[in-house]
Every structure is written in structure tokens, then in C-alpha cells.
Enquirer: 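Mind looking over this structure? Questions follow.
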Amino acid sequence: MLGPPGAGKGTQAKIVAEKFELAHISTGDIFRDNIKRQTDLGKQVVSILKSGALVPDEVTVALVKDRLQQDDCQKGAVLDGFPRTIPQAQALDGLLADMESNIAIVPYVKVRDEEVVERLSGRRTDKRTGKIYHIKYNPPPHDADLEHRSDDQPETIRERLEEYHSKTAPLIAYYSDKGVLVEINGEEEISLVSANLLRAVEAAAK
Ligand code: ADP
Ligand code: AMP
């Protein structure tokens, strides 16, 4: 899943993973989990996530390599938030070639920067279930145990958007050249985005 922060990658990745019985790999979730558990990796990346910068490629690639080898990835996986740089994408090509696997589709969820700011400012996640909500667009149930991500603050959102445009957006051309990119309008409502996305994934899986 490719797209700016706040495009709805996490929201949609969960839906696709469930529908096609695939593993859902969110590098952001893995980093946040390590930060919470205060592991060595967590200590290494905590200040990077707080600033909105990207974690070094070697660290991120090693993590994904390990994760892709776990049993639940046998049937495939939805990669959410990875790759985020050209070197990561090249490393992923290598990993997949070694595993005799390939990329079926790269859905590019397109959303304007102004909308990103609105979405991230209102994003809340449930600490217990990991479900993603929005105070206006996808309101949480009353019994949710909500958390506001520390990197969803205006200053950090700006930094993350800059990182996205300079380092991640070049992947649009990278995957378009490989013929696997499918653009999805991320500004429709969640159920319509999923319907379009599921249709594209089904077509790609054939
Ligand atoms: P990403 O994983 O790309 O950073 P999320 O899936 O966490 O994005 O979504 C960011 C925020 O936008 C969340 O608050 C989510 O509820 C909300 N959101 C996701 N998709 C849509 C949509 N199509 N319309 C409105 N809000 C959305
Ligand atoms: P996300 O949950 O996808 O919004 O990611 C949150 C943060 O985790 C990012 O701002 C980065 O600091 C870090 N991160 C997640 N995925 C990657 C990646 N593929 N490469 C580098 N940093 C990442």
C-alpha cells in the first residue's frame, strides 16, 4: 500500500488482509509496539518516530525480512507503510526474488496534503484492539480506549509529509514502470475506497 501518511493505508490494509486471508505487516505498528515494550529496537527508533523522520533503511529492511519469513506470510502479505524509499523497494525486490515470490499489486492511495492534515489531526486508535478511528469521519464506539499518536501533531505531520514527498513519492514511478501500480482515489468515503481497492486486488490476483 503506497500513499502519504493519513491516506488510509492502515484502514484499508486491514480490510484487504481480512478479505484475502493475508498477513498485515505495518512497519509503523511494529516500531510502535517495540517502543511500548522498550526493546532495543524501540529505544533505537523512539526519537526518530517522534520527529517524523524515517527509520534507516537497513533497520527497516532487516525487520521486514524477518517478518516475511514467519508462517502467517505463506499465502502472502499486505505491506502497509513499507517500502518507503527506493533502496527499500530494491531490497524488497531482492527479498521476494530469494523467496521465489513477487508483488501482485501496488495500490497507490492518492490523497491531497490538506486532507492528510485533517485526517491525522482527527485520528485516534484503540489501544486494546489497534482499530483506527477518526473523530469525525469514522467515530469510535463509546467504550473504546483511545490514544492520539504523538506523531499526529501539526509540526510532525508537516515533517512526515516532507519525508513522503522527497523519499516515498518516487516509488510511484518505480512501481508504475514495473506495471504493478494501480491508483485509487483515497478521498472517497472508506467503504467506497475499499470497494475499489478490493476490485483492483481481485483483478491483480487472477
Ligand atoms: P495511514 O495508515 O495511511 O496513515 P489511516 O488508515 O491510519 O492512514 O487513516 C488516517 C485517518 O484517516 C484515520 O483517522 C482514519 O479513520 C481516517 N480515514 C481513513 N480513510 C478515510 C476516508 N476514506 N475518508 C475519511 N477518513 C478516512
Ligand atoms: P506509519 O505508522 O506508517 O505512519 O509510520 C510511523 C513512523 O514509523 C514513520 O513516520 C517512520 O518514522 C517510521 N516508519 C514506518 N515505516 C517505515 C519505513 N518503511 N521506513 C522508514 N521508517 C518507517
Side-chain angles (χ1 to χ4, degrees), residues 1-17 24-36 41-42 44-65 67 78-92 95 107-126 130-141 144 146-153 155-164 166-168 171 184-197:
M1 306 278 304
L2 187 58
K9 301 183 299 296
T11 301
Q12 299 297 339
K14 286 180 203 289
I15 296 171
V16 174
H24 171 205
I25 304 180
S26 157
T27 40
D29 281 352
I30 297 173
F31 289 135
R32 281 185 292 277
D33 177 58
N34 276 273
I35 291 171
K36 242 176 226 158
L41 174 66
Q44 197 183 342
V45 302
V46 62
S47 59
I48 301 177
L49 267 84
K50 208 167 263 169
S51 74
L54 293 182
V55 172
D57 290 336
E58 315 81 73
V59 176
T60 311
V61 168
L63 183 112
V64 173
K65 179 178 180 186
R67 183 67 189 84
V78 183
L79 297 180
D80 163 13
F82 178 91
R84 250 179 163 100
T85 63
I86 296 277
Q88 288 182 17
Q90 289 165 334
L92 177 62
L95 289 179
Y108 162 42
V109 186
K110 193 172 177 183
V111 169
R112 284 165 305 131
D113 286 6
E114 306 88 271
E115 178 68 16
V116 161
V117 175
E118 170 78 13
R119 287 196 185 175
L120 295 184
S121 316
R123 171 161 64 186
R124 299 291 184 276
T125 41
D126 188 317
K131 285 196 174 147
I132 305 164
Y133 297 102
H134 189 282
I135 47 175
K136 208 154 82 188
Y137 304 135
N138 186 18
L146 296 180
E147 151 173 78
H148 190 187
R149 273 172 55 173
S150 64
D151 57 348
D152 280 347
Q153 310 295 336
E155 187 56 26
T156 326
I157 294 173
R158 266 193 295 279
E159 171 66 22
R160 287 159 68 204
L161 271 170
E162 271 174 35
E163 288 283 81
Y164 171 75
S166 61
K167 299 184 181 145
T168 309
L171 294 179
I184 305 278
N185 179 4
E187 300 208 13
E188 315 266 21
E189 61 180 66
I190 295 176
S191 60
L192 195 51
V193 176
S194 334
N196 292 334
L197 178 61

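Ligands are counted one by one from 1 in listed order, and the atoms in each one are counted from 1 as well. Throughout, residue positions are numbered sequentially from 1 according to the sequence presented.
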Enquirer: From the options Thr11, Asn185, Leu192, Asp152, select the one whose nearest heavy atom is closest to atom 19 (C) of ligand 1.
Expert: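 Comparing heavy atoms across Thr11, Asn185, Leu192, Asp152, the nearest one to atom 19 (C) of ligand 1 lies in Thr11.
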Enquirer: Please classify the Met1 to ligand 1 contact at 4.0 Å (heavy-atom distances, strictly less than): side chain, backbone, both or neither.
Expert: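 Under 4.0 Å from ligand 1, Met1 contributes no heavy atoms.
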Enquirer: Got Thr27 and Leu63 here, is their nearest side-chain heavy-atom distance under 4.5 Å?
Expert: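 A side-chain contact under 4.5 Å exists here.
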Enquirer: So do the side chains of Asp151 and Ile157 get within less than 4.5 Å of each other, counting heavy atoms only?
Expert: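 Result no, sub-4.5 Å side-chain heavy-atom pair not found.
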Enquirer: Which atoms from ligand 1 have a heavy atom of Tyr137 less than 4.0 Å away?
Expert: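 Within the 4.0 Å cut-off of Tyr137, ligand 1 contributes 25 (C), 26 (N).
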Enquirer: Kindly identify the option in Val193, Val116, Ile132, Ile135 whose heavy atom sits closest to atom 15 (C) of ligand 1.
Expert: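 Looking at heavy atoms only, Ile132 sits closest to atom 15 (C) of ligand 1.
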Enquirer: Flag the pair Glu162 and Arg158 as a salt bridge only when some basic side-chain nitrogen lies within less than 4.0 angstrom of an acidic carboxylate oxygen.
Expert: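 Result for this pair is no, no salt bridge flagged.
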Enquirer: Who gets closest to atom 24 (N) of ligand 1 by heavy atom: Arg119, Lys131, Arg124, Arg123?
Expert: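 Shortest heavy-atom distance from atom 24 (N) of ligand 1: Arg119.
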Enquirer: Against heavy atoms of Arg160, which atoms of ligand 2 measure under 4.0 Å?
Expert: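 That gives atoms 4 (O) of ligand 2.
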Enquirer: Give the numbers and elements of all ligand 2 atoms closer than 4.0 Å to a heavy atom of Thr27.
Expert: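 Contacts of ligand 2 toward Thr27, numbered from 1: 15 (C), 16 (N), 17 (C), 19 (N).
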Enquirer: Is any NZ, NE, NH1 or NH2 atom of the basic residue among Asp152 and Arg119 found under 4.0 Å from an Asp or Glu carboxylate oxygen of the other?
Expert: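 So Asp152 does not pair with Arg119 through a salt bridge.
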Enquirer: Decide yes or no for Leu54 and Thr85: does some side-chain heavy atom of the first lie under 4.5 Å from some side-chain heavy atom of the second?
Expert: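 A side-chain contact under 4.5 Å exists here.
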Enquirer: Show which atoms of ligand 1 fall inside a sub-4.0 Å distance from at least one heavy-atom site of Gly10.
Expert: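 Going through ligand 1 atom by atom, the ones under 4.0 Å from Gly10 are 1 (P), 2 (O), 6 (O).
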Enquirer: At a 4.0 Å threshold, what atoms of ligand 1 neighbour a non-hydrogen atom of Gly186?
Expert: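 Listed by number with element, the hits are 23 (N).
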Enquirer: Would you check whether Gly6 has a nitrogen or oxygen atom less than 3.5 angstrom from a nitrogen or oxygen atom of ligand 1?
Expert: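 Yes - when backbone and side-chain N and O of Gly6 are compared with those of ligand 1, one distance drops under 3.5 Å.
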Enquirer: Is a side-chain donor-acceptor pair under 3.5 Å present for Glu189 with Tyr137?
Expert: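 On atom types as modelled, these side chains do not qualify, holding no pair under 3.5 Å.
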Enquirer: Geometry only, no angles: is Tyr133 polar-contacting ligand 1 at N/O separations under 3.5 Å?
Expert: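 There is such a contact, yes.
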Enquirer: Rounded to the nearest 0.5 Å, what separation is found between the CD1 atom of Ile48 and the OG1 atom of Thr60?
Expert: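 Interatomic distance, Ile48 CD1 to Thr60 OG1, rounded to 0.5 Å: 8.0 Å.
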Enquirer: Please indicate whether any nitrogen or oxygen in Ala7 is less than 3.5 Å from any nitrogen or oxygen in ligand 1.
Expert: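 Min N/O separation from ligand 1 is below 3.5 Å for Ala7.
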Enquirer: Using a plain distance cutoff, I'd like to know if Phe82 has any nitrogen or oxygen under 3.5 Å from a nitrogen or oxygen of ligand 2.
Expert: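 No: no nitrogen or oxygen of Phe82 is under 3.5 Å from one in ligand 2.
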Enquirer: Give the residue, atom name and distance (to 0.1 Å) of the protein heavy atom nearest atom 22 (N) of ligand 2.
Expert: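 So the nearest neighbour among protein heavy atoms is Val55 N, 3.0 Å.
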Enquirer: Please report whether ligand 1 has a polar contact with Gly122, defined as an N or O pair separated by less than 3.5 Å (distance criterion only).
Expert: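 No - when backbone and side-chain N and O of Gly122 are compared with those of ligand 1, no distance drops under 3.5 Å.
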Enquirer: Which option, Glu159, Arg84, Arg32, owns the non-hydrogen atom nearest atom 3 (O) of ligand 2?
Expert: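 The option holding the nearest heavy atom is Arg84.
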Enquirer: To the nearest 0.5 Å, what is the distance between CG on Leu79 and CZ on Arg67?
Expert: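 Interatomic distance, Leu79 CG to Arg67 CZ, rounded to 0.5 Å: 10.0 Å.
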Enquirer: Is atom NZ of Lys14 surrounded by more than 12 heavy atoms (other residues, nucleotides or ligands) closer than 6.0 Å?
Expert: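 Counting other residues, nucleotides and ligands, NZ of Lys14 exceeds 12 neighbours.
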Enquirer: Could you tell me, atom by atom, which parts of ligand 1 come under 4.0 Å of a heavy atom of Glu189?
Expert: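 Ligand 1 atoms under the 4.0 Å threshold to Glu189: 23 (N).
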Enquirer: Are side-chain heavy atoms of Val46 and Phe31 found at a separation under 4.5 Å?
Expert: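 No. Closest side-chain heavy atoms not under 4.5 Å.
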Enquirer: Between Asp80, Ile190, Thr125, which one has a non-hydrogen atom sitting closest to atom 21 (C) of ligand 1?
Expert: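 Answer by nearest heavy atom: Ile190.
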Enquirer: For ligand 1, indicate whether the residue Glu188 contacts it via side chain, backbone, both or neither (heavy-atom separation under 4.0 Å).
Expert: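 Under 4.0 Å from ligand 1, Glu188 contributes backbone atoms alone.
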Enquirer: What protein heavy atom sits nearest atom 23 (C) of ligand 2, and how far away is it?
Expert: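 Looking only at protein heavy atoms, the one closest to atom 23 (C) of ligand 2 is Phe31 CE1, 3.7 Å.
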Enquirer: Quick check: do Arg149 and Arg32 have side-chain heavy atoms less than 4.5 Å from each other?
Expert: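 Counting from C-beta outward, Arg149 and Arg32 do come under 4.5 Å.
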Enquirer: Between Ala53 and ligand 2, which part of the residue brings a heavy atom under 4.0 Å of the ligand: side chain, backbone, both or neither?
Expert: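 Backbone only; the side chain of Ala53 stays clear of ligand 2.
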Enquirer: May I ask you to list the atoms of ligand 2 that are less than 4.0 angstrom from any heavy atom of Thr60?
Expert: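 Going through ligand 2 atom by atom, the ones under 4.0 Å from Thr60 are 18 (C), 19 (N), 20 (N), 21 (C).
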Enquirer: Do His134 side-chain atoms and Glu118 backbone N/O form a donor-acceptor pair below 3.5 Å?
Expert: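 The answer is yes, because a donor-acceptor pair under 3.5 Å joins these two groups.
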Enquirer: Can you tell whether the side chains of Arg124 and Glu147 come within less than 4.0 Å, N to carboxylate O?
Expert: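 No, no charged N to carboxylate O under 4.0 Å.
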Enquirer: Under a heavy-atom criterion of less than 4.0 Å, does Arg149 contact ligand 2?
Expert: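 In this structure, Arg149 qualifies as a contact of ligand 2 - some heavy atom is under 4.0 Å.
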Enquirer: Side chain, backbone, both or neither: which applies to Gln88 and ligand 2 if a contact is any heavy-atom pair less than 4.0 Å apart?
Expert: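 Side chain only.
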